[in-house]
Amino acid sequence: MPHADAPRPGRVVLVAGTATDVGKTWVSARILTEARDAGLTVSVRKPLQSFDPSDGSPTDAEVLARASGESPDDVCPPANHFPLAMAPPMAASHLGREIPTTDRLVAALAWPGSVDLGLVEAVGGVRSPLAANGDTLDLADDLRPDVVVLVADAGLGTINAVRLCTEALEPHAVVVLLNRFDPADAVAAGNLTWLTEWDGYDVETEIPSLVRRITSAT
């Protein structure tokens with residue numbers, strides 16, 4: 001079981017997205033699996049989640065728990081499950097439930113006793129409503145992660161989305177992950193070149209190299 005007074009993990013990574021459905025949970029699960037295979041101890045937290053209970057799919061907390069070897073209820077407290085496919089504050093309002101502020105969400109994070117990599121997955125896009133008082137940017141300011149992994153689609157529109165999100169996240173350190181990257185696709189390859197050579201962003205396209213980058217200080 002997690003301990004509320006446990007020390008902060010050796011490396012805290014916040015996984016954010018340029019939008020909904022860019023693959024944050026898939027990327028987070030792959031990061032956890034790759035890190036565990038490399039011999040690191042990991043833990044993951046999804047401070048809150050909203051979902052459609054009728055579609056039969058595993059919740060984000062269930063997917064993440066399988067990757068980290070933890071309980072879904074430790075990954076995301078049941079009190080912060082909102083079974084409605086809306087942004088969590090909107091879902092909470094429709095359900096007549098209270099939603100916490102980002103500082104309360106961060107204060108409630110309970111890590112196991114000894115963790116090399118602590119991963120926190122956000123909700124929606126960087127500026128999507130997340131809590132009673134803010135979004136992923138506010139969560140990052142309260143969490144103070146060592147690095148933010150910004151998950152972006154590799155296709156059309158990603159340069160604009162990455163620019164807007166990375167500027168919003170300053171001064172946090174950001175590594176961009178172009179998800180679903182196909183080097184044979186001219187648009188994806190062009191986006192990678194532009195983001196790295198013209199804009200100077202730190203960009204990864206593969207999970208193993210991403211994990212090496214974000215765990216280098218552990």
Side-chain angles (χ1 to χ4, degrees), residues 9 11-32 34-35 44-48 60 64 87-89 102-103 105-106 109 117-131 133-183 185-218:
R11 192 81 164 157
V12 174
V13 174
L14 175 64
V15 176
T18 55
T20 302
D21 293 331
V22 294
K24 291 188 303 297
T25 301
W26 183 86
V27 169
S28 296
R30 289 286 311 279
I31 289 172
L32 293 164
E34 189 77 21
V44 61
R45 297 292 177 259
K46 179 97 174 179
L48 71 180
D60 289 351
L64 296 170
T102 55
D103 57 312
L105 290 171
V106 171
L109 293 178
L117 174 65
L119 188 148
V120 178
E121 187 188 304
V123 173
V126 168
R127 301 312 307 266
S128 300
L130 180 145
N133 66 327
D135 50 30
T136 296
L137 175 58
D138 300 289
L139 180 68
D141 290 342
D142 288 320
L143 180 64
R144 295 176 287 109
D146 294 289
V147 64
V148 178
V149 172
L150 179 65
V151 181
D153 189 79
L156 287 171
T158 201
I159 293 174
N160 176 69
V162 168
R163 284 175 166 178
L164 290 174
C165 289
T166 52
E167 288 173 8
L169 285 164
E170 291 180 353
H172 299 286
V174 177
V175 177
V176 178
L177 187 280
L178 292 182
N179 195 22
R180 312 180 184 106
F181 180 79
D182 179 0
D185 182 271
V187 173
N191 286 339
L192 175 61
T193 298
W194 196 285
L195 290 169
T196 55
E197 297 184 11
W198 287 80
D199 289 345
Y201 292 130
D202 289 329
V203 182
E204 297 288 346
T205 62
E206 300 288 344
I207 298 296
S209 58
L210 172 66
V211 171
R212 288 192 295 272
R213 172 80 68 88
I214 65 177
T215 61
S216 59
T218 58

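When reading the values below, keep in mind they use all heavy atoms of this one structure, side chains included, and skip hydrogens, waters and symmetry mates.
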### Message
Taking the side chain as everything from C-beta on, heavy atoms only, tell me whether Val162 gets closer than 4.5 Å to Asp199.
### Response
no

### Query
Is there a side-chain contact between Val13 and Ile31 (heavy atoms, below 4.5 Å)?
no

### Query
From Leu169 CG over to Leu164 CG, what is the distance, rounded to the nearest 0.5 angstrom?
11.0 Å

#### Entry: Exam field: side chain Lys46 to backbone Val120, donor-acceptor pair closer than 3.5 Å
no

#### Entry: Residue pair Pro89 / Pro129: nearest heavy atoms and the distance that separates them
CD-O, 3.7 Å

### Exercise: do Thr102 and Asp142 side chains pair donor with acceptor under 3.5 Å
yes

### Query
Nearest heavy-atom pair of Ala154 and Asn191: which atoms, and what distance?
O-ND2, 2.7 Å

### Message
Quick one, Leu130 with Leu48, criterion side-chain contact (heavy atoms from CB on, under 4.5 Å). Give me CA distance, side-chain angles, the key distance, then yes/no.
### Response
CA-CA 8 Å; Leu130 180 145; Leu48 71 180; 3.9 Å; yes

### Query
Tell me, do Trp26 and Asn179 make a side-chain contact under 4.5 Å, heavy atoms counted?
yes

### Task
Determine whether Thr215 and Arg11 make a side-chain contact, defined as any pair of heavy atoms from C-beta on separated by less than 4.5 Å.
no

### Query
Given side chains that start at C-beta, do those of Val12 and Pro145 come closer than 4.5 Å, heavy atoms only?
yes

### Task
Go through the steps for Val106 and Asp103 under the test side-chain contact (heavy atoms from CB on, under 4.5 Å), then give the verdict.
CA-CA 5 Å; Val106 171; Asp103 57 312; 5.8 Å; no

### Query
Can you tell me how far the CD1 atom of Ile214 sits from the CG atom of Asp146, to the nearest 0.5 Å?
10.5 Å

#### Entry: Ser128 to Gly125 - nearest heavy-atom pair and separation
OG-N, 2.8 Å

### Message
Quick one: does any side-chain atom of Lys24 pair with a main-chain N or O of Val123 as donor and acceptor, under 3.5 Å?
### Response
no

### Shortest non-hydrogen separation from Ala168 to Leu137 and the atoms involved
O-CD1, 3.0 Å

### Message
Closer than 3.5 angstrom, by distance alone: can the side chain of Asp135 be matched with the main-chain N or O of Asp138 as a donor-acceptor pair?
### Response
yes

### Message
Taking side-chain contact (heavy atoms from CB on, under 4.5 Å) as the criterion, tell me which of Val126, Thr18, Asp202, Leu150 meets it with Thr166.
### Response
Leu150

### Query
Just how far is it from atom OG1 of Thr205 to atom CG of Leu178, taken to the nearest 0.5 Å?
7.0 Å

#### Entry: Considering all heavy atoms, the nearest Ala188-Phe181 contact
O-CE1, 3.3 Å

### Query
Side chain of Asp153, backbone of Val22: donor and acceptor closer than 3.5 Å?
no

### Query
Under a 4.5 Å cut-off applied to non-hydrogen side-chain atoms, are Val211 and Arg30 in contact?
no

### Query
Roughly how far, to the nearest 0.5 Å, is CG of Leu64 from CZ of Arg45?
10.5 Å

### Considering all heavy atoms, the nearest Thr136-Ala16 contact
CG2-CB, 3.8 Å

### Task
Can you establish whether the number of heavy atoms outside Arg180 located under 6.0 Å from its atom CZ is more than 12?
yes

### Task
Evaluate side-chain contact (heavy atoms from CB on, under 4.5 Å) for Thr158 paired with Val187, printing each intermediate quantity in order.
CA-CA 10 Å; Thr158 201; Val187 173; over 6 Å; no

### Summary
Output for pair (Leu119 CG, Ser28 OG), nearest 0.5 Å, gives 4.5 Å

